[in-house]
Amino acid sequence: MFGQPVLLVVAHGSRDPRHAATVHALVERVRAQRPGLRVETGFLDFNVPSVPGVLESLAAEGVRDVVALPLLLTRAFHAKADIPAVLRQAPARLRIRQAEVLGPSPLLLAALERRLYEAGLSPADKSSTGVVLASAGSSDPEASAVIAAIAREWRHTGWCAVRPAFASASLPRTEEAVRELRALGCARVAVAPYVLAPGFLPDRIARGAADADVLAEVLGPAPEVARLLLRRYDTARLPLAAAVGA
């Protein structure tokens, strides 16, 4: 009856209604890309359904295998502590595999460029455009180092320059990175939010982009992000499939 594991997308949640709406739009795109896969959404805070509530419902239905996929771009506190703690409290009958976080991935870079082009840039603008890779920020040094590494990698794809920025916890802020790119002599400056959904910190990024020429939208339900969710799911489900001889 339940051949493949259920994909449970674990989102942080927010008081901002745009957050949940964007998460649900992304999940719908995942469902559209793989119609036979059951995909559920659970939130850690602020929104319903909660992750524990979804797991209880799945267990009551007789579901056995679940892949819990953190809707996160870096391996910070939520991926390392919060989500594992919640999953450990799941009904005992469930076999749960926690998938890797989404980033880093070439698909995310492709989604970032999609958003920049949708905001008005073109591939011909790359060599004269400096980009601020603006993330929410984290007190976890591993997460901050990953953002800096992504910026260095992205620079090698042809942009005039790429600088990381953070809306919280770390420096520089978005506005500081914009000024630095101006000082470098880039003809234009674009801000690419490295965030999945709108909310308090993405709004801070947008305010910091006031002096930029281009501000892209958040990644949201970009098709590349949906493909990445499925890729992380497929990698995580293999041990579960092997365990049942699938």
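The shown structure was predicted, so the numbers you read here are calculated from the model rather than taken from an experiment.
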Nearest-0.5 Å distance that lies between atom CG in L102 and atom CG in L229 = 5.0 Å
Pairs meeting criterion salt bridge (Lys or Arg N to Asp or Glu O under 4.0 Å) with involvement of residues 178-196, two or more places apart | D125-R188, R163-E180, R182-D213
What pair of heavy atoms forms the shortest contact from A216 to A119, and how long is it?
-> CA-CB, 4.0 Å
Is V6 close to E61 at the side-chain level, that is, under 4.5 Å between some pair of heavy atoms?
-> no
Within one Ile-Leu-Val-Met-Phe-Trp-Tyr cluster: V225 and L112, side-chain cutoff 4.5 Å = yes
Minimum heavy-atom separation for V131 to A192, with atom names?
-> CG1-CB, 4.0 Å
Flag yes if L87 and V63 sit in one hydrophobic cluster, no otherwise; membership is Ile, Leu, Val, Met, Phe, Trp, Tyr, and two members link when side-chain heavy atoms are under 4.5 Å apart.
-> yes
Without placing hydrogens or testing angles, list every side-chain donor-acceptor pair under 3.5 Å for residues 193-202, not counting sequence neighbours.
none

Kindly indicate, with the supporting measurements, whether the criterion side chain to side chain contact (heavy atoms under 4.5 Å, CB included) is fulfilled by D234 and L238.
-> CA-CA 7 Å; D234 288 335; L238 291 178; over 6 Å; no
Taking atom CD of E28 and atom CG of L26, what is their separation to the nearest 0.5 Å?
-> 10.0 Å
Measure the CG-CZ distance between L7 and R31 for me, rounded to the nearest 0.5 Å.
-> 9.0 Å
N/O donor to acceptor pairs below 3.5 angstrom from side-chain atoms of residues 205-212, sequence neighbours left out:
none

Would a hydrophobic clustering, with Ile, Leu, Val, Met, Phe, Trp and Tyr connected at side-chain separations under 4.5 Å, put L219 with I147?
-> yes
Is there a donor-acceptor pair under 3.5 Å between the side chain of R95 and the backbone N or O of A92?
-> no
Verify, without hydrogens or angle tests, whether E153 (side chain) and L109 (backbone) share a donor-acceptor contact under 3.5 angstrom.
-> no
Do T157 side-chain atoms and W154 backbone N/O form a donor-acceptor pair below 3.5 Å?
-> yes
Please examine the side chains of D82 and V86, heavy atoms only from C-beta on, and report whether any two atoms are closer than 4.5 Å.
-> no
Can you tell me which residue pairs pass the ring pair (Phe, Tyr, Trp, His ring centres under 6.0 Å) test with a partner in residues 82-125, sequence neighbours excluded?
-> none
For atom CD of Q98, is the number of surrounding heavy atoms from other residues, nucleotides or ligands below 6.0 Å larger than 12?
-> yes
Taking all heavy atoms of I96 and all of A90, pick out the closest pair and write down the distance.
-> CD1-CB, 3.4 Å
OG1 of T174 to CG of L215: how many Å apart, nearest 0.5 Å?
-> 9.0 Å
Hphob cluster co-occupancy, V178 + V214, side-chain heavy atoms under 4.5 angstrom | no
Enumerate the residue pairs fulfilling ring pair (Phe, Tyr, Trp, His ring centres under 6.0 Å) with a member in residues 43-67, sequence neighbours excluded, ordered by first and then second residue.
-> H24-F43
Main-chain N/O of W159 paired to R155 side chain as donor or acceptor, under 3.5 Å | yes
Shared ILVMFWY cluster between L121 and V218, side chains joined below 4.5 angstrom?
-> no
Which atom names give the shortest non-hydrogen contact between S139 and A169, and what distance separates them?
-> N-CB, 3.7 Å
Could you tell me which non-hydrogen atom of E100 sits nearest to which non-hydrogen atom of R232, and how far apart they are?
-> O-CD, 3.8 Å
Rounded to the nearest 0.5 Å, how far apart are CG of L94 and CG of D65?
-> 8.5 Å
Side chain to side chain donor-acceptor pair (under 3.5 Å) contacts in which one or both residues fall within residues 7-16, not counting sequence neighbours = H12-H78, D16-R18
Which atoms form the tightest heavy-atom contact between G130 and L181, and what is the distance?
-> C-CD1, 3.6 Å
Main-chain N/O of F166 paired with S135 side-chain donor or acceptor, under 3.5 Å = no
Measuring from R93:CZ to L58:CG, what's the distance to the nearest 0.5 Å?
-> 10.5 Å
Stepwise salt bridge (Lys or Arg N to Asp or Glu O under 4.0 Å) check, E224 with R227 | CA-CA 5 Å; E224 296 86 356; R227 291 210 309 274; 5.2 Å; no
Can you find a pair of side-chain heavy atoms, one from V30 and one from L230, that are under 4.5 Å apart?
-> yes
Under 4.5 Å between any side-chain heavy atoms of R237 and R97, yes or no?
-> no
Is a side-chain N or O of R204 found less than 3.5 angstrom from the main chain of A167, in a donor-acceptor match?
-> yes
